[in-house]
Protein chains: 2
Amino acid sequence: MGPDTQTQDLQNRMNHVRNVLRESGLKLTHQRLEILNEVCKADDHPDAETIYRSVRERMPTVSLDTVYRTLWLLLDLGLINALGPSRERVRFDANTEVHHHFVCRKCGVIHDFTSPELDGVQIPEAIRDLGQGEKMHIEVRGLCRDCLKDKASDC
Amino acid sequence: MGPDTQTQDLQNRMNHVRNVLRESGLKLTHQRLEILNEVCKADDHPDAETIYRSVRERMPTVSLDTVYRTLWLLLDLGLINALGPSRERVRFDANTEVHHHFVCRKCGVIHDFTSPELDGVQIPEAIRDLGQGEKMHIEVRGLCRDCLKDKASDC
DNA sequence: TTCCAAATAAGAATAAAACCTATTTAAGAA
DNA sequence: TTCTTAAATAGGTTTTATTCTTATTTGGAA
Ligand SMILES: [Mn+2]
Ligand SMILES: [Mn+2]
Ligand SMILES: [Zn+2]
Ligand SMILES: [Zn+2]
């Protein structure tokens, strides 16, 4: 993928986000566009502080709070992803049998599940180039039954 | 699994940990055994604070710091697992194509990878009972090339 | 029983993320 | 264009999960 294609991609991306924001009745602020631009340019999974520092080069008065708010907003809109669950503390699991987790994105409850298909999944060969794989974590995120019920009764 | 089997299981578990600690030249303190007991009894993925409160009922002078140190120790020994961000901040990813992550447990670097097998994995039916699955996160944890090299040169 | 490295308790420190509020601004209406 | 206002921001403060510091205690070997 050449630099032209990449630039084109970024343009498309920016336009798409502009549309989503507009359709959601959200304002297209300079801050949001700069932050979006930075997170789209990065391919190394930056944290909020790193994005903050980059944005500040072009926009010295931007606040860290705005960076956080904007990133959570883009996440809610499904325009970016987050690694390592936010607002969560570490939780411990003494169950060492093979099993996986369903994590509720609203209340944070974690349920175990097993699944013949997933239980059999092995660490793929492809990661040999990246390092030595030790453990695989498979996690499904969504809304638990209780939170679905709460949402339904909000009408 | 009846209550007797469960008690038996817990006993086996405790004995196993006693052996691992002894073999590693670590002390079998009352605190460690109480904390281990609590984390093994729980099946709801408790956080450190919750374990702390439970342990404190039987051992009122235990400190939160000891709970944390013990849980990280058990984790290092491979006797329990951790869910969520340990010592890590949230990181963002604007790449919305289907892909997965290799996370180095030492330096925290995150690399993308794709794998025909994993890319095809769907959210299993089994979680219907638990709620509405929205996204699947597959993550391989291990040591990256650089950290492997560092470890080798430590000799 | 004695001894000491390892472990702990208690309190202080750190830092990621959220909160508060006065001020600014995007964007629709006039 | 100017006016209007709810939404968004800046900057400072607060919260809180986790780690650090240090004086004291203790497990376990001799
Ligand atoms: Mn589990
Ligand atoms: Mn990625
Ligand atoms: Zn929930
Ligand atoms: Zn590494």
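So that the names make sense, note that chain A is the first sequence line, chain B the second, and so on, each numbered from 1. What you see is a predicted model; the values in this text were computed from it and never measured. Any value given below was found using the heavy atoms of this structure, including those in side chains, with hydrogens, waters and symmetry copies removed.
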> Can a donor-acceptor pair be found, under 3.5 Å and without considering hydrogens, that links the side chain of B/R32 to the backbone of B/K27?
yes
> Please list, pair by pair, any protein nitrogen or oxygen found under 3.5 Å from a nitrogen or oxygen in nucleotides 27-30 of chain C.
| unit_1 | atom_1 | unit_2 | atom_2 | d |
| --- | --- | --- | --- | --- |
| C/dA27 | OP1 | A/L28 | N | 2.8 |

> May I ask you to list the residues of residues 36-64 of chain A, by number, that have any heavy atom positioned under 4.0 Å from an atom of DNA chain D?
A/T61, A/V62, A/S63
> For B/H30 and D/dT25, give me the distance from atom NE2 to atom P, rounded to whole Å.
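Roughly 16 Å, once rounded to whole Å.
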> Could you tell me how far apart A/Y68 (OH) and C/dA17 (C1') are, to the nearest whole angstrom?
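Spelled out: OH on A/Y68 to C1' on C/dA17 is 5 Å.
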> Below 4.0 angstrom from OP1 or OP2 of D/dA8, is there any side-chain N or O of A/R32?
yes
> Let me test you: for the helix from C/dT1-D/dA30 to C/dA30-D/dT1, what is the angle between the axes at its two ends (five pairs each), rounded to 10 degrees?
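The angle, to the nearest 10 degrees, is 30°.
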> Do the side-chain N and O atoms of A/N95 and B/H45 include a donor-acceptor pair separated by under 3.5 angstrom?
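The answer is no; no qualifying pair exists.
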> Would you say A/R69 places a side-chain N or O within less than 4.0 Å of OP1 or OP2 belonging to D/dT9?
yes
> What residues form a ring-ring contact (aromatic ring centres under 6.0 Å, His included) with A/Y52, not counting sequence neighbours?
none
> Tell me, which pairs form a salt bridge (charged side-chain N to carboxylate O under 4.0 Å, His left out) where one or both residues lie in residues 119-134 of chain B, sequence neighbours left out?
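Listed by first then second residue: A/R105-B/E134, B/E125-B/R128.
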> Whole Å only: how far is the CG atom of B/D65 from the C1' atom of C/dT14?
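Atom CG in B/D65 sits about 14 Å away from atom C1' in C/dT14.
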> A/L33 CG to C/dA26 C1': how many Å, rounded?
11 Å
> Got a sec, which residues hit side-chain contact (heavy atoms from CB on, under 4.5 Å) with A/R58, two or more places apart in sequence or on another chain?
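Expected list: A/E34.
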> Among side-chain atoms of B/D112 and B/H101, is any donor-acceptor pair under 3.5 angstrom?
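Present: a donor and an acceptor within the cut-off.
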> For the hydrophobic clusters of this structure (ILVMFWY residues joined by side-chain heavy atoms under 4.5 Å, transitively), does one cluster hold both A/V140 and B/I138?
yes
